[in-house]
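First the structure, in the form of structure tokens, and then the observations on it.
All chains are named by letter (A, B, ...) in the order of the sequence lines, taking the proteins before the strands, and each is independently numbered beginning at 1.
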Protein chains: 4
Amino acid sequence: MTSDDKLLANAPLGRSARAERAILDATRELLADNGVRGLTIEAVTARSGVAKTTIYRRWRDRDELALAAVWTDLDTGLESPGDLGDTRAELVAFIEPVVTTLRSALLSNVIRGLASEIATNPELSRVYREELIEPRVAQVELVVKRGVQRGDLRPDTDARLAHEMLVGPVLYRLLFSGAPLDDDLGSRIADAVLRAFASDSDG
Amino acid sequence: MTSDDKLLANAPLGRSARAERAILDATRELLADNGVRGLTIEAVTARSGVAKTTIYRRWRDRDELALAAVWTDLDTGLESPGDLGDTRAELVAFIEPVVTTLRSALLSNVIRGLASEIATNPELSRVYREELIEPRVAQVELVVKRGVQRGDLRPDTDARLAHEMLVGPVLYRLLFSGAPLDDDLGSRIADAVLRAFASDSDG
Amino acid sequence: MTSDDKLLANAPLGRSARAERAILDATRELLADNGVRGLTIEAVTARSGVAKTTIYRRWRDRDELALAAVWTDLDTGLESPGDLGDTRAELVAFIEPVVTTLRSALLSNVIRGLASEIATNPELSRVYREELIEPRVAQVELVVKRGVQRGDLRPDTDARLAHEMLVGPVLYRLLFSGAPLDDDLGSRIADAVLRAFASDSDG
Amino acid sequence: MTSDDKLLANAPLGRSARAERAILDATRELLADNGVRGLTIEAVTARSGVAKTTIYRRWRDRDELALAAVWTDLDTGLESPGDLGDTRAELVAFIEPVVTTLRSALLSNVIRGLASEIATNPELSRVYREELIEPRVAQVELVVKRGVQRGDLRPDTDARLAHEMLVGPVLYRLLFSGAPLDDDLGSRIADAVLRAFASDSDG
DNA sequence: GACTAAGCGAGACGGTACGTCGCGTCTTAAA
DNA sequence: TTTAAGACGCGACGTACCGTCTCGCTTAGTC
């Protein structure tokens, strides 16, 4: 649901637009209820009143539909925080929204359910990487560059590794260890990453 | 397949043991060929010549079977490296086998394919956590404890977070970013984690 | 395509007439290619470039369209042969065109494909009976009447039964026995029917 | 339902036999109710409580199932009437059961509905011809042979044509003309066929 | 050395969901 | 106004596997 949609929420919708909205709404409800396991195309048709054909006309399969249904949610927080004047603050500003987003029942369910699919399906993997991961890596690169300029971070800091050390632990908790995404998880990770790449003169 | 089995490898096997071996072998082959998607119970019966009933008598479903088939591989490297006299060396000794293991086609396929199931199925999740994750957390705790004693690490080092920062990036690459598990990945992660939790006097 | 159409072939056609011709042409092509099974409305739109709506505006369903497309062919040969002065000749003149017509790939395909629909759909059945069958029964009645007057046929000859014995075997071959519609089939049937209803003094 | 089945009606049936009976019963009910149009595999599963898979395991498609469901009915009356000492009686004995059988709602519905399929599907056509038509042609051949020996029929009588003139009119009524299968239809056809092939000295 | 009974292969069964096809209806924009 | 274009709701298709259930047969292990 983009901001355009919100502005036009009361405008008349064509059949297609109405169908699409009904499909995505039903999909999100089913995902929130039972995770990806509870999402079947037939359940979507039943709940949305939209024909199977119409769903398949838009999305190749269940996984694409699931991803589409939560895409805007995953996509948020991508606007760069910009220069906050403080490297730690910028790291926190990067990782906090990730933690917060993945704390929601809907999104945690979806990521848990789609992880295998994303890891397995080349097309899905490509989209996910290009649209979600790389922009975030680029964000971290900016943060790192500014940190280096400030003298906070070592000049040879590997931004990609920094990115992985920021988000890796969060997803590890989500998928494998089951440890909770505490309120302070983001800042603790940010602290650790800051120290991991801090310039020596920073002591 | 326990070590007992190995000792008895040339001993005559009963029907049951033969069936179990045939099932697990077929499972591993199917997993290696096409990942978890290619693993169906019916394919296992077809390839192993074992009856469906016999499979279901031993494992609840496809996912338990898949995990069982690779369990020994996942389970290796758990023996603590012990005191190497050097904290960095111990961190490397911890993370290197993880990277190496996950680099194999079989195991990377399996983990990619089972990630969602592990994240989703409570029973599987419990087993995975208790049998695989917690022992490794305990290992890291030992490394951290020794590192603190040596004055290398800060006394308040969070071993669990350290563990997550060690393995999280590896699994993140495996599942999401698709970045390769380079030969030096383990040592670079170990370096970063060491600095992240290094005591200040360590500079 | 009626003879009127041919006369007007170079005259400008309205959109409607052009659409209708395109529909019927495509229908006949599809019927000839794969019989009634190959005839789908969607295939007709694809081949004719005509919209579905336009088809449904003219014919209720696939079967009506199929029948319409071959109607002129079925309808031919209805002009009474008139008095040939010889009863056997008149019987042959009746049945020969039927055999010849049903020998064509197009019409045999269509009749085979539509038989069930004609036998089943009341409206189609009514049209078929009134427009095709009854006129032919009437023709046979004329032949019979003249045959009786000539003293060739018994006065109580049942023209309807005679008609059925003329065309029944042909359609039986077409639909069920698969026996070929030989060149001499018409005359052999005519002979048999002639004898079946011949007046006794005829010996 | 063969006579064996009747004798064993109270014997315990295996799962398979029970399923098969349930399928065929449901099929016959649906056919009787709405003809072949009312017969869908899904309706059969719903009414019989048997799974779709089980149906498809036994019959390739709807049409094979329909034919199987009425096969025994179609197959009856095949026992040769034997030498009745009278050619006309033997012709009547041949055609009467055909008329009677096709008068039933069930069988007339089925034949009407399957005619196109039988005429169109090569495999179905082959089975129908070999199992139903040819045996009846053979029956007529016997009748003809005896009739010739008795001096009732011409030595060159074409038994196949005779067969077609016997059954053709009945099926023509059933499928196309809609004329009723009167009680005396069989004997009137038999009379006509007898005269059609009667030896000249027979007057 | 014969006799059980547990375990096996084979595979049919009821079931869920899949993704596809073609139907006949409805909407929209262009001619 | 009629058309081409094509999306929509719908019903049924035939398929893939699921996990359950007989069913004989094999095969140890017990008398």
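- Atom pair A:Trp59:CH2 and E:dG19:P shows a separation of 14 Å (rounding to whole Å applied).
- If you take CD of C:Glu42 and C1' of F:dG6, they are 10 Å apart, rounded to a whole angstrom.
- The distance from atom CG of A:Asp61 to atom P of F:dA16 is 18 Å, rounded to the nearest whole Å.
- The side chain of D:Thr40 approaches F:dC13 more closely than any other nucleotide in the set F:dG9, F:dA4, F:dC13.
- Checked against E:dC13, F:dA4, F:dC8, the side chain of D:Arg58 finds its nearest nucleotide in E:dC13.
- Nearer to the 5' terminus of DNA chain E, by closest-nucleotide assignment, is the contact made by A:Arg60 (compared with the other of C:Arg62 and A:Arg60).
- Other residues, nucleotides and ligands place more than 12 heavy atoms under 6.0 Å from the CZ atom of D:Arg47.
- Here A:Arg57 reaches the OP1 or OP2 of F:dC8: one of its side-chain N or O atoms lies under 4.0 Å away.
- Protein atom CD1 of B:Ile23 is 12 Å distant from nucleotide atom P of E:dA10, rounded to whole Å.
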For nucleotides 26-29 of chain E, list the nitrogen or oxygen atoms of the protein found under 3.5 Å from its nitrogen or oxygen atoms, one pair per line.
none

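- Set against F:dG9, F:dA4, E:dT25, the side chain of C:Tyr56 has E:dT25 as its closest nucleotide.
- For B:Tyr128, the ring pair (Phe, Tyr, Trp, His ring centres under 6.0 Å) test picks out A:Phe176, with sequence neighbours left out.
- Comparing C:Ala43 and B:Gly49 by the nucleotide of DNA chain E whose heavy atom lies nearest to each, the residue mapping closer to the 5' end is B:Gly49.
- Comparing the end axes of the helix from E:dG1-F:dC31 to E:dA31-F:dT1, each fitted to five base pairs by superposing C1' atoms of four pairs onto the next four, gives an inter-axis angle of 10° (nearest 10 degrees).
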